[in-house]
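A short write-up of the structure that comes next.
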There are 2 protein chains.
Amino acid sequence: MSGNFKKDLFAQFARVAKALGNGHRLELLEFLAQGERNVDDLARVSGLSVRNTSQHLQQLRQVGLVTSRKEGLHVYYRLTGDDVVLLMQCVRGVAERHLADVKVLVDTYLTVKDALEPMPVKDLLERARKGEVTVLDVRPSEEYAAGHLPGAVNIPLAELERHLDELRDSGEVVAYCRGPHCVLAFEAVERLRGQGLRARRLQDGFPEWKAAGMPVETE
Amino acid sequence: MSGNFKKDLFAQFARVAKALGNGHRLELLEFLAQGERNVDDLARVSGLSVRNTSQHLQQLRQVGLVTSRKEGLHVYYRLTGDDVVLLMQCVRGVAERHLADVKVLVDTYLTVKDALEPMPVKDLLERARKGEVTVLDVRPSEEYAAGHLPGAVNIPLAELERHLDELRDSGEVVAYCRGPHCVLAFEAVERLRGQGLRARRLQDGFPEWKAAGMPVETE
DNA sequence: TGACTATTCCACTAATCTATGGAATAGTGT
DNA sequence: ACACTATTCCATAGATTAGTGGAATAGTCA
């Protein structure tokens with residue numbers, strides 16, 4: 001009897017893990033970590049067909065990782081809680097530490113990583129308040145509108161070149177994007193440095209910031 | 001290119017999650033969280049065939065969650081790090097908070113849960129030092145030998161009745177076992193209370209204790 | 001009302017995962 | 001060398017999962 005309890009319980013836990021056991025679903029979750037999104041948006045960013053996306057979202061909903069809300073024609077999905085982001089960070093962390101393939105991948109694509117001197121999250125707010133740094137959000141403007149770090153300036157990567165002058169006069173720039181492996185901030189920092197500005201990357205992205213209970217600003 | 005990086009990376013993370021996406025493997029990991037075990041032991045406790053157990057262990061090894069060490073005829077498996085325990089706690093926590101089925105299960109089997117007043121981990125050591133409580137490890141003696149809370153007394157559940165008198169004179173008893181859902185400690189507390197002793201359950205089990213970096217004693 | 005959009009449901013094929021039995025490997029004891 | 005044990009490797013049948021197209025549903029707009 002208690003043996004069955006245990007088996008049943010682990011089977012339930014396994015359902016949650018299984019829902020995470022697919023790269024596409026993880027990607028969807030990462031986008032949802034930034035705020036509500038409808039099926040169409042999610043399909044676009046993940047490169048899946050809408051129907052397929054919908055099915056994956058059903059699965060995530062069945063294990064309680066996301067919920068949805070209908071408004072007009074659209075159905076908006078969102079994470080059921082910040083603990084889901086934490087869980088994903090956990091998976092990511094274990095993978096990075098114990099899975100050799102991940103290390104290879106990261107080394108291959110982000111060889112410059114160390115050179116970009118990521119700034120720890122906790123130092124940021126204080127230094128921003130003192131005016132020592134400008135916080136730069138390089139995500140697309142819709143994502144920025146849905147929520148961003150307090151006081152952050154939004155300049156999507158594509159428009160970075162047009163705003164170089166504004167940034168040049170404002171001390172050091174700290175860029176962030178969707179998460180520690182999102183390439184947007186890396187790219188931004190490289191370009192800014194290429195133009196002679198002082199630029200660094202924030203260690204984590206917006207979802208991690210939010211999940212840590214730090215203050216968030218919306219439009 | 002950077003799109004591929006992202007896809008590849010998530011695919012790797014998904015491998016880890018997928019490895020956790022099976023109740024049997026989660027159960028194996030839970031046992032391994034207590035220390036090294038060989039294939040035979042693991043097969044016995046999980047109720048799987050040895051061959052099947054071996055295959056599951058291969059899968060866990062392939063994603064870096066466990067390693068093995070050969071000694072004589074036996075191959076001993078162990079977790080690759082405490083972060084694996086943390087990851088499992090994370091999965092469990094999310095499942096408990098967001099998956100209705102888990103709540104039903106827990107309520108069905110452990111209706112008495114609240115009545116047993118679990119004691120928070122942080123209070124325990126201090127109160128044990130003052131002699132206010134006796135820490136009771138109700139796991140089988142091999143598991144106790146492999147590691148236990150400092151100062152804990154080991155009385156496997158089956159032998160509890162024979163040692164009632166010793167416990168009766170030692171103030172309040174705090175029992176723990178393999179984890180928050182292991183039924184051993186629940187059972188023990190119920191029996192002790194049935195005999196008129198003051199008994200409570202420790203909130204977590206040995207693996208969580210160890211993963212939290214608390215001191216551990218071995219034979 | 002009818003045309004249209006966003007999303008879901010259903011059915012089906014290809015790919016993947018699980019458990020099992022037989023055979024291979026490696027180490028122990030005689 | 002031989003018998004024996006613990007573990008792994010391999011092949012296979014049945015179950016499960018992923019992606020696709022077609023049809024259904026629900027809400028919007030004119």
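Numbers restart at 1 for each chain; the letters A, B, ... are given by sequence-line order, proteins then strands. All values derive from a computational prediction rather than experimental measurement.
A donor-acceptor contact closer than 3.5 angstrom is absent between the side chains of A/R61 and A/T67. A donor-acceptor contact closer than 3.5 angstrom links the side chains of A/D83 and B/H98.
Distances shown here put every side-chain N or O of A/H24 at or beyond 4.0 Å from the OP1 or OP2 atom of D/dA18. The side chain of A/N38 places no N or O atom within less than 4.0 Å of a non-bridging phosphate oxygen (OP1 or OP2) of C/dA6. Phosphate proximity of D/dT7 to B/S54: absent, as no side-chain N or O sits under 4.0 Å from OP1 or OP2. Within the 4.0 Å cut-off from OP1 or OP2 of C/dT18, at least one side-chain nitrogen or oxygen of B/N22 is found.
With rounding to whole Å, A/L57 atom CG is found 15 Å from D/dG19 atom C1'. Between B/R25 atom CZ and C/dA19 atom P there is a gap of 8 Å when expressed in whole angstrom units. B/H56 has its NE2 atom 10 Å from the C1' atom of C/dC17, to the nearest Å. Summarising the geometry, the separation between CG on B/L28 and P on C/dT18 is reported as 12 Å, rounded to the nearest angstrom. The separation between A/N52 atom CG and C/dT7 atom P is 15 Å, rounded to whole Å. Between B/D40 atom CG and C/dT28 atom C1' there is a gap of 15 Å when expressed in whole angstrom units. Computed from coordinates, the A/Q58 CD to D/dG19 C1' distance equals 15 Å when rounded to whole Å. Between the CD atom of A/Q59 and the C1' atom of D/dA18 there is a distance of 8 Å, rounded to whole Å.
At a threshold of 4.0 Å, the pair B/K210-B/E208 does not count as salt-bridged, since none of the basic side-chain nitrogens sits closer than that to a carboxylate oxygen.
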- Message: Walk along nucleotides 21-30 of chain D from 5' to 3' and tag each nucleotide B, S or - by protein heavy-atom contact under 4.0 Å, base first, then sugar-phosphate.
- Response: BB---SBS--

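B/C90 pairs with exactly one of A/V94, A/V91, A/L87 by the side chain to side chain contact (heavy atoms under 4.5 Å, CB included) rule, that one being A/L87.
In terms of position on DNA chain D, the residue among B/D41 and A/G21 whose nearest nucleotide sits closer to the 5' end is B/D41.
The two residues A/S46 and B/K7 come nearest to each other via the heavy atoms O-NZ, 2.8 Å.
Among the atoms of the strands shown, only primed sugar atoms or phosphate atoms (P, OP1, OP2) are found under 4.0 Å from some heavy atom of B/Y77.
Looking only at distances, a side-chain donor or acceptor of B/S49 sits under 3.5 Å from a matching main-chain atom of B/N52.
Taking CG of B/N154 as the reference point, atom CD of B/E142 lies at 9.0 Å (rounded to 0.5 Å).
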